[in-house]
Amino acid sequence: MLIGLCGGICAGKNAIAEYLIQHQGFQLLELISKSETRLSNDPNDDLLIQTKSRENGNFQSKFVFETVDALLEFVTKRWQERWVTTDIIDETIVERLILRPFFLLVSVDAPVSLRWKRFTERCRQKQVEPLDLEKFVLLNDRHLYERYIGRVYLTDRAQVRLFNSSSSLDELHKSLQRLDLADEQRLRPIWDQYFMQLASLAAQRSNCMKRRVGCVLVRERRVISTGYNGTPRHLPNCNEGGCPRCNRGDGGGVGLSTCLCIHAEENALLEAGRERIREGAILYCDTCPCLTCTVKITQVGISEVVYSQGYNMDKDSAAILEAAGVHLRQFSPISNGLIDLQEFKETTQN
């Protein structure tokens, strides 16, 4: 596994790399090429920040490479070991690394005022006069937004985006311990996560004015059919006024008998048909099925229902599924995307 860390000045990349090295058995990889962010284009400008970890961090690497291709060749032969680098400095490097199944790109960000405070403390530790806030903001803008090399252009590619507002290393370490960046599910989703993501993708096709829902039917880890909620064929789409009930904005459970939208589960069941479903089929859905869908699910022989979000009929649906011998469970995927480390720490401590 190779974790690449990118982000703004003093966002916490090196602190996270140090944690991974000291507590989770990672080893540091470095590129020889340096990247500097200067306050101006004057070559004599001494107000710069070295983004190299050997300059900013408390650690050095014995694995140093002249090119990203050399680094990649080295890691490919040792991909089952744990590696980390903070030298994700441009899109060329990202393009080379992100194609590999063992690479995880992680971006790190923090409020600019907090990063300026960290920057000031670092300068004082090195007995260097720190920049005032205004100059730091200018430096930060160039570092993040300069054309072609700005770090912000890399964050869109990150599988995990960390918001590091921690006020101490102890807080940061507690959050990182619980988060566990080294979990290999971040590299390759397990089957539940894979099929639930397909259900969420199907939901994006929904035009229902009330709620987007997606569903996937699976047997023996093969997709049988997909479905999303919306009005029947040849009727105007729900978002075009096809379902008066949804467009009136009635509350949950109100006027269901007048709703013209077919639910995601119903569409998936209709597309598959009972002959294709058979015993052993699993239904993945964004939300726990309603009573109407639950009855149909039990009738066609679904063996298991997996959902991600609750619904206002969960208990009634669960009772019917249990009586019919259909296993019901909720799946909570591993945290990816944007993660506030401070909130993550507070949530996990409750």
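Just so you know, residue 1 is the first one in the sequence shown, and it goes up from there. All heavy atoms count here, side chains included; hydrogens, waters and symmetry mates do not. Keep in mind it's a predicted model, so treat the numbers as computed, not measured.
When every heavy atom of Leu105 is checked against every heavy atom of Leu154, the shortest pair comes out as CD2-O, 3.8 Å. Across Gln330 and Gly310, no two heavy atoms sit closer than the pair NE2-N, 4.4 Å. Contact detail for Gly7 and His143: the closest heavy-atom pair is O-NE2, 3.4 Å. The minimum heavy-atom distance linking Arg219 with Ile277 is given by the pair NH1-O, 3.2 Å. Nearest heavy-atom pair, Val216 versus Ala199, reported as atom, atom and distance to 0.1 Å: CG2-N, 3.5 Å. Across all their heavy atoms, Cys10 and Arg118 have their closest contact at O-NH1, 3.0 Å.
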Go through it in stages, so that I can follow the logic: the residues are Gln204 and Tyr228, the test is side-chain contact (heavy atoms from CB on, under 4.5 Å), and I'd like the CA-CA distance, side-chain angles, deciding distance and then a yes or no.
CA-CA 8 Å; Gln204 295 181 29; Tyr228 53 87; over 6 Å; no
Could you walk me through whether Leu328 and Tyr307 pass side-chain contact (heavy atoms from CB on, under 4.5 Å), step by step?
CA-CA 8 Å; Leu328 174 69; Tyr307 70 97; 3.6 Å; yes
side-chain contact (heavy atoms from CB on, under 4.5 Å) between Val218 and Leu198, intermediate numbers included
CA-CA 11 Å; Val218 177; Leu198 291 181; over 6 Å; no
Can you check side-chain contact (heavy atoms from CB on, under 4.5 Å) on Ile16 and Ile3, steps first, answer last?
CA-CA 11 Å; Ile16 293 173; Ile3 293 180; over 6 Å; no
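Crowding of Gln299 atom CD: a count of heavy atoms from other residues, nucleotides or ligands under 6.0 Å not exceeding 12. Residue-environment remark: CD (Gln177) stays at or below the threshold of 12 foreign heavy atoms within 6.0 Å. No more than 12 heavy-atom neighbours from other residues, nucleotides or ligands sit within 6.0 angstrom of OH on Tyr194. The environment of Gln309 atom CD is dense: over 12 non-hydrogen atoms of other residues, nucleotides or ligands sit within 6.0 angstrom.
Between Glu66 and Leu31 there is no side-chain heavy-atom pair separated by less than 4.5 Å. Annotation: side chain of Lys174 is not in contact with side chain of Arg178 (no heavy-atom distance under 4.5 Å). For the pair Thr258/Arg248, a side-chain contact is recorded, criterion being any heavy-atom separation below 4.5 Å from C-beta on. Counting heavy atoms from C-beta on, the side chains of Phe26 and Leu181 never come closer than 4.5 Å. Between Leu71 and Leu2, some side-chain heavy-atom pair lies under the 4.5 Å cut-off. Inter-residue side-chain proximity for Arg161 and Asp109 is flagged as unmet; no heavy-atom pair is nearer than 4.5 Å. In this structure, Lys13 and Ile88 have side chains that are not in contact, with every pair of non-hydrogen atoms separated by 4.5 Å or more.
Side-chain N or O atoms of Ser308 include one that pairs as donor or acceptor with a backbone N or O of Asp286 at under 3.5 Å. Remark: the backbone N or O of Leu270 is not paired with any side-chain donor or acceptor of Asn267 at under 3.5 angstrom. Side-chain atoms of Asn164 do not come within 3.5 Å of backbone N or O of Ala110 as any donor-acceptor pair. In this structure, the side chain of Arg186 engages the main chain of Asp180 through a donor-acceptor pair within 3.5 Å. Here the side chain of Trp116 pairs a donor or acceptor atom with the backbone of Leu131 at under 3.5 angstrom. The backbone N or O of Pro101 lies less than 3.5 Å from no partner atom in the side chain of Arg188, so there is not a single donor-acceptor pair. Formation of a donor-acceptor pair under 3.5 Å by the Asn247 side chain with backbone atoms of Cys243 is found in this model. Put simply, the side chain of Ser206 gets close to the backbone of Asn229: a donor and an acceptor are under 3.5 Å apart. Here the side chain of Thr231 pairs no donor or acceptor atom with the backbone of Leu260 at under 3.5 angstrom. Under the 3.5 Å distance criterion, the side-chain polar atoms of Arg151 are left unmatched by any main-chain donor or acceptor of Gly8.
Both Phe74 and Leu97 are members of a single hydrophobic cluster when ILVMFWY side chains are connected at heavy-atom separations under 4.5 Å. When the side chains of ILVMFWY residues are joined at heavy-atom separations under 4.5 Å, either directly or via intervening members, Leu169 and Val108 end up in a single hydrophobic cluster. Leu321 and Val295 are not part of a single hydrophobic cluster, where members link through side-chain heavy atoms under 4.5 Å apart. Under the 4.5 Å side-chain contact rule for hydrophobic residues, Leu217 and Val306 do not share a cluster. In this structure, Leu114 is not a member of the same hydrophobic cluster as Val137, with clusters built from ILVMFWY side-chain heavy atoms closer than 4.5 Å.
Between Arg157 and Glu95 there is a salt bridge, since a side-chain N of the basic residue sits under 4.0 Å from a carboxylate O of the acidic one. Taking 4.0 Å as the cut-off between side-chain N and carboxylate O, Asp69 and Arg96 count as a salt-bridged pair. The existence of a salt bridge linking Lys296 and Glu266 is confirmed by a sub-4.0 Å separation between a basic side-chain nitrogen and an acidic carboxylate oxygen. A salt bridge links Glu73 with Lys77: the closest approach of a Lys/Arg side-chain nitrogen to an acidic carboxylate oxygen falls below 4.0 angstrom.
Taking OG of Ser175 as the start and CZ of Phe163 as the end, the distance is 12.5 Å to the nearest 0.5 Å. Separating the CD atom in Gln24 from the CG atom in Asp183 is a distance of 10.0 Å, to the nearest 0.5 Å. Expressed to the nearest 0.5 Å, how far CZ of Arg78 lies from CD of Gln27 amounts to 10.0 Å. Rounding to the nearest 0.5 Å places CG of Leu269 at 5.5 Å from CD1 of Ile302. Here NE2 of His327 is found 11.0 Å from CD of Glu322. Values are rounded to the nearest 0.5 Å. The line from CZ of Phe136 to OG1 of Thr120 is 7.5 Å long, rounded to the nearest 0.5 Å.
Residues Thr76 and Arg100 have side chains that bring a donor and an acceptor to within less than 3.5 angstrom of each other. For Thr294 and Ser317, the side-chain atoms include at least one donor-acceptor pair closer than 3.5 Å.
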